[in-house]
Amino acid sequence: MLTRIDHIGIACFDLDKTVEFYRATYGFEVFHTEVNEEQGVREAMLKINETSDGGASYLQLLEPTREDSAVGKWLAKNGEGVHHIAFGTADVDGDAAAIREKGVRVLYDEPRIGSMGSRITFLHPKDCHGVLTELVTSAKPSSDQSSTEH
Ligand code: CMX
Ligand code: CO
């Protein structure tokens with residue numbers, strides 16, 4: 001079951017400048033940064049709020065690490081902006097299988113590794129009314145993280 005907006009993915013040319021815009025304009029601070037070479041992105045997660053399912057909602061700011069990556073190609077065509085939305089679930093495997101049964105293309109046979117050790121997959125935007133849609137199962141709920149990572 002999809003229980004939250006996990007994140008909104010926003011493509012940008014310059015991650016540092018975009019992070020600074022979100023900090024200066026809204027007061028959002030960086031919660032986590034990483035490079036995901038498989039996805040071809042350098043990213044910053046800005047935590048917006050915790051959610052009732054034990055997770056959280058983020059903005060995911062994405063700078064491509066190479067031109068032929070998904071975000072690199074998208075930026076070249078569209079310029080900066082909202083690239084995808086991501087729904088959070090405790091069971092990405094089960095939800096992806098159920099959605100595939102409905103005739104929506106799921107891009108990966110097995111979920112891959114996303115931000116902060118999460119497991120992710122994507123639904124094809126052409127099957128989702130033009131919206132690239134990601135499904136995410138967090139490595140562990142953020143409420144657990146604060147209690148165990150000391
Ligand atoms: N939102 C909506 N439509 C999109 C899109 C997006 N983000 N990306 C591509 N499209 C559309 C294109 O506009 C194009 O439409 P037209 O044929 O009408 O012009 C069509 O999809 C095909 O696009 P393309 O530029 O030829 O790109 P590809 O088919 O090579 O790749 C996709 C598209 C969705 C398969 C690829 O972007 C992908 O695999 N995405 C999943 C991985 C990803 O996005 N990783 C980065 C984020 C990582 C993270 O969130 O952690
Ligand atoms: Co994402």
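Each ligand, and each atom within it, is numbered from 1 in the order the structure gives.
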Open item on the list: the Co ion (ligand 2) and H83: any N/O/S contact shorter than 2.8 Å?
Closed with: no
Task: E43 versus H32, side-chain donor and acceptor atoms under 3.5 Å - done: no
Task: Residue portion contacting ligand 1 (non-hydrogen atoms closer than 4.0 Å) for V131 - done: neither
Task: Closest heavy-atom pair and its distance - D91, T137 - done: N-OG1, 3.6 Å
TODO: Output the atom name for the N/O/S atom of E134 with the smallest distance to the Co ion (ligand 2).
DONE: OE1
Open item on the list: Suppose we measure from atom 35 (C) of ligand 1 to each protein heavy atom; which comes out shortest, and what is that distance?
Closed with: L107 CD1, 3.9 Å
- [ ] Check each of T133, L135, D127 against I99 using the side chain to side chain contact (heavy atoms under 4.5 Å, CB included) test, and report the only one that passes.
- [x] L135
Task: Closest protein heavy atom (residue, atom, distance) for atom 4 (C) of ligand 1 - done: P125 CG, 3.6 Å
TODO: Identify whether the distance between the nearest side-chain nitrogen and carboxylate oxygen of D16 and R42 falls below 4.0 Å.
DONE: yes
- [ ] Return the residue, atom name and 0.1 Å-rounded distance of the protein heavy atom closest to atom 5 (C) of ligand 1.
- [x] W74 CD1, 3.5 Å
Task: Contact partition for N36 relative to ligand 1, non-hydrogen atoms under 4.0 Å - done: neither
Open item on the list: Between ligand 1 and Q60, is the shortest N or O to N or O distance under 3.5 Å?
Closed with: yes
TODO: Decide whether V82 and L46 are clustered together by the hydrophobic rule: side chain heavy atoms of Ile, Leu, Val, Met, Phe, Trp, Tyr closer than 4.5 Å, transitively.
DONE: yes
TODO: Using modelled atom types only, decide if a donor and an acceptor are shared between the side chain of D95 and the backbone of M1 within a distance under 3.5 Å.
DONE: yes
Open item on the list: Among all protein heavy atoms in this structure, tell me which lies nearest to atom 28 (P) of ligand 1, with the distance rounded to 0.1 Å.
Closed with: K73 NZ, 3.7 Å
Open item on the list: Evaluate Y108 for polar contact with ligand 1, using N/O atom pairs at a separation under 3.5 Å.
Closed with: no
Open item on the list: Is atom 23 (O) of ligand 1 near the protein, in the sense that some protein heavy atom lies at less than 4.0 Å from it?
Closed with: no
- [ ] Please tell me if the side chains of V106 and L123 come closer than 4.5 Å, counting only heavy atoms from C-beta onward.
- [x] yes
Task: Side chains of R112 and S118, donor plus acceptor under 3.5 Å - done: no
TODO: For T121 and E134, test the side chains for any donor-to-acceptor distance below 3.5 angstrom and give the result as yes or no.
DONE: no
- [ ] Report the nearest protein non-hydrogen atom to atom 37 (O) of ligand 1: residue, atom name, distance rounded to 0.1 Å.
- [x] A70 CB, 3.4 Å
- [ ] Report yes or no: do S115 and Q60 form a side-chain donor-acceptor pair below 3.5 Å?
- [x] yes
Open item on the list: I'd like to know if atom 1 (N) of ligand 1 has any protein heavy atom within a distance of less than 4.0 Å.
Closed with: yes
TODO: Using only heavy-atom distances, determine whether the side chains of D53 and T51 contain a donor-acceptor pair under 3.5 Å.
DONE: yes
Open item on the list: Give me the nearest non-hydrogen protein atom to atom 47 (C) of ligand 1 as residue plus atom name, then the distance to 0.1 Å.
Closed with: H84 CE1, 3.8 Å
Open item on the list: Just checking: Q60, one of its N/O/S atoms, less than 2.8 Å away from the Co ion (ligand 2), yes or no?
Closed with: yes
Task: Parallel, tilted or perpendicular: rings of Y26 and F21 (30°, 60°) - done: perpendicular
Open item on the list: Please determine whether any non-hydrogen atom of G130 lies less than 4.0 Å from an atom of ligand 1.
Closed with: yes
Open item on the list: Between ligand 1 and H83, is the shortest N or O to N or O distance under 3.5 Å?
Closed with: yes
TODO: Tell me whether L75 is reachable from L62 by hopping between hydrophobic residues (I, L, V, M, F, W, Y) whose side-chain heavy atoms are closer than 4.5 Å.
DONE: yes
TODO: May I ask you to decide whether E20 forms a salt bridge with K17, counting only side-chain N to carboxylate O separations under 4.0 Å?
DONE: no
TODO: Below 4.0 angstrom from a heavy atom of V71, which ligand 1 atoms are there? Numbered from 1 as shown, please.
DONE: 46 (C)
Task: Which residue and heavy atom of the protein sit nearest atom 18 (O) of ligand 1, plus the separation - done: K126 NZ, 2.7 Å
TODO: Return the residue, atom name and 0.1 Å-rounded distance of the protein heavy atom closest to atom 48 (C) of ligand 1.
DONE: Q39 OE1, 3.7 Å
Open item on the list: To check your reading of the site, what angle at the Co ion (ligand 2) do NE2 of H84 and NE2 of H7 form, to 10°?
Closed with: 100°
Task: Option with minimal heavy-atom separation from atom 13 (O) of ligand 1, where the choices are H129, K77, E34, E43 - done: K77
Open item on the list: Please report whether atom 41 (C) of ligand 1 has a protein non-hydrogen atom at a separation of less than 4.0 Å.
Closed with: yes
Task: atom 33 (C) of ligand 1: any protein heavy atom closer than 4.0 Å - done: no
TODO: Would you check if the Co ion (ligand 2) lies under 2.8 Å from any N, O or S atom of D6?
DONE: no
- [ ] For the pair E50 (side chain) and G55 (backbone), establish whether a donor and an acceptor sit closer than 3.5 Å, ignoring hydrogens and angles.
- [x] no
